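Working notes, beginning with the structure itself.
The model shown is predicted, which means the values in this text are computed figures rather than measured ones. Values below: all heavy atoms of this structure, side chains included; hydrogens, waters and symmetry mates excluded. Letters A, B, ... mirror the listed sequences (proteins, then strands); counts begin at 1.
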Amino acid sequence: MPELPEVETIRGNLEATILGRRFASVRLSGLKLRERVPATLPRRLKSRTVAALRRHGKYLFLDLDGGLTLLSHLGMSGRWLFFDDPPARAMEHVHLRARFDDETELWFHDPRRFGLLRLVETSKLSRDPALRVLGPDPIATPPTGSQLHAVACGARLPVKSFLLDQRRIAGIGNIYASEILHRAGVDPRRRAGAVPREAWDALARETTAVLNEAIARMGTTFSMYRTLWNEPGTYGDQLLVYDRGGEPCRRCGGAIRRIVQGQRSTFFCPRCQGGRGKRMERAS
DNA sequence: ATCCTATCCTGTAGGC
DNA sequence: TGCCTACAGGATAGGA
């Protein structure tokens, strides 16, 4: 579900809401997420104050006083929920239920359980196995065409799969990969190593533009994603190709195609993004 | 090393 | 209505 813009939206929501709040008690569902959440987590969180909310790619960091960080990933269906006035009973799939001193609550909800909750020493965060493999965050450090070109040098995988590879650039997921490729006019099937330098300039530019526009609209609500306050993101209104298979391209009117790459759907306009091995078509 | 496939889960939409 | 299948915003271990 959540890609960089959705996670950044949640990060900002949490920063506005739980910063400075102190954990009074925490309960776990006991169910396994991406990995087992240690049973010791509740007592380690107890009495800690939320000191900062940070993000890298799709990972969220809840920094606590005393040098601990709660590392979180939303997987496909994870959500953070905040309640000023919490219900007495949790709905199904609530895996962490934290109460603050002021009786407000923060819940982690995740039906598919691909999410991650892990407690890490803040000073060792960058060495955490999940994080040390991540590439640069495109909001913290906007990529340049020459940087991407260099990272893609020699890569034989399709450029769509390249954009999804969190080790090369962290935060792009399946929706925004298709959108970025469309706006840059690049055929998703081209091998990353064969994409010319000018196209990487366009991809770098559109990566920054698409992600920032999506953040401004609080992300894309495709099905389950909601902000911390249960509001849908509105970037879905702006989607040019994602989930629009068979519909007309908003730019040229041609039919949007759906293909499968690496067992994930890719949507693109063959006319606007054609030209395998040929020069980029310039917008007239 | 690099790339690809299968897998972990539940919920939902669509065909019959 | 129910049953069945396909698919869904992600990451990763393991094999080729």
Winner on side-chain proximity to A/R112, out of C/dG10, B/dC4, B/dT10, is B/dT10
Is A/R36 near enough to B/dC8 that one of its side-chain N or O atoms lies under 4.0 angstrom from OP1 or OP2?
no
Which of B/dC4, C/dC7, C/dA11 is nearest the side chain of A/S265? It is C/dC7
Hey, are A/R11 and A/E15 close enough for a salt bridge, meaning a charged N less than 4.0 Å from a carboxylate O?
yes
Closest approach to the side chain of A/P111, judged atom by atom: which nucleotide of C/dA11, B/dG11, C/dA8 is it?
B/dG11
If you check the A/N174 side chain, which of C/dC7, C/dG10, B/dC3 turns out closest?
C/dG10
Name the nucleic acid region contacted by A/Y242, choosing base, sugar-phosphate or nothing; use a 4.0 angstrom heavy-atom cut-off, strictly under.
sugar-phosphate
Testing A/R183, A/H182, A/R250 for side chain to side chain contact (heavy atoms under 4.5 Å, CB included) with A/C272, which one passes?
A/H182
Starting from the 5' end of DNA chain B, give me the residue, A/Q263 or A/D165, whose nearest nucleotide shows up first.
A/D165
Looking at C/dG10, I'd like to know if its phosphate oxygens (OP1 or OP2) sit under 4.0 Å from a side-chain N or O belonging to A/R167.
no
Rounded distance in Å - CD (A/Q261) to P (B/dT5)
11 Å
Just call it for A/G262: base, sugar-phosphate, or nothing, with non-hydrogen atoms closer than 4.0 Å on any strand.
nothing
Using a strict cut-off of less than 4.0 Å between a Lys/Arg side-chain nitrogen and an Asp/Glu carboxylate oxygen, indicate whether A/R79 and A/D110 qualify as a salt bridge.
no
Expressed in angstrom and rounded to an integer, what is the separation of A/H95 atom NE2 from B/dC8 atom C1'?
13 Å
Quick one: A/L4 CG to C/dG10 P, roughly how many Å, whole number?
11 Å
Interatomic distance, A/R34 CZ vs B/dT10 P [rounded to whole Å]:
17 Å
For A/H93 and B/dG11, is the shortest distance between a side-chain N/O and OP1 or OP2 below 4.0 Å?
yes
Phosphate OP1/OP2 of C/dA11 contacted by A/H73 side-chain N/O (<4.0 Å)
yes
Side chain of A/R156, heavy atoms from C-beta onward: which of C/dA8, B/dC9, B/dC3 has the nearest atom to it?
B/dC3
Can you check whether A/F114 stacks with the C/dG10 base, using ring centres under 5.5 Å and planes within 30°?
yes
For A/A130 and A/G219, find the nucleotide of DNA chain C closest to each by heavy atoms; which residue's nucleotide sits nearer the 5' end?
A/G219
So that I can tick it off, tell me whether A/R21 and A/D102 are bridged by a salt bridge, with the cut-off set at under 4.0 angstrom between side-chain N and carboxylate O.
yes
I'd like to know whether the aromatic ring centres of A/W80 and A/F108 sit less than 6.0 Å apart in this structure.
yes
Side chain of A/P158 only, heavy atoms from C-beta on: which candidate in C/dA11, C/dG10, B/dC4 is closest?
B/dC4
Salt-bridge contact A/R205-A/D201 (side-chain N to carboxylate O under 4.0 Å):
no
On a whole-Å scale, what distance lies between the C1' atoms belonging to B/dT12 and C/dA11?
23 Å
Does B/dC9 have its OP1 or OP2 closer than 4.0 Å to a side-chain nitrogen or oxygen of A/K32?
no
Convert the base pairs of DNA chain B into dot-bracket notation, remembering that pairs crossing earlier ones are written with [ ] and that bases paired across to another strand are shown as |; include only Watson-Crick or G-U pairs under 3.5 Å.
.|||||||.|||||||
Audit row: A/F83, A/W229, ring-ring contact (aromatic ring centres under 6.0 Å, His included) steps and yes/no:
CA-CA 9 Å; A/F83 300 96; A/W229 300 293; over 10 Å; no
Atom CG of A/L116 and atom P of C/dA13 are separated, to the nearest Å, by 12 Å
Side-chain N or O of A/R264 closer than 4.0 Å to phosphate OP1/OP2 of C/dA8:
no
OP1 or OP2 of C/dA11 sitting under 4.0 Å from any side-chain N/O of A/Q166?
yes
Could you walk me through whether A/Y242 and A/Y176 pass the ring-ring contact (aromatic ring centres under 6.0 Å, His included) check?
CA-CA 8 Å; A/Y242 185 80; A/Y176 297 111; 8.8 Å; no
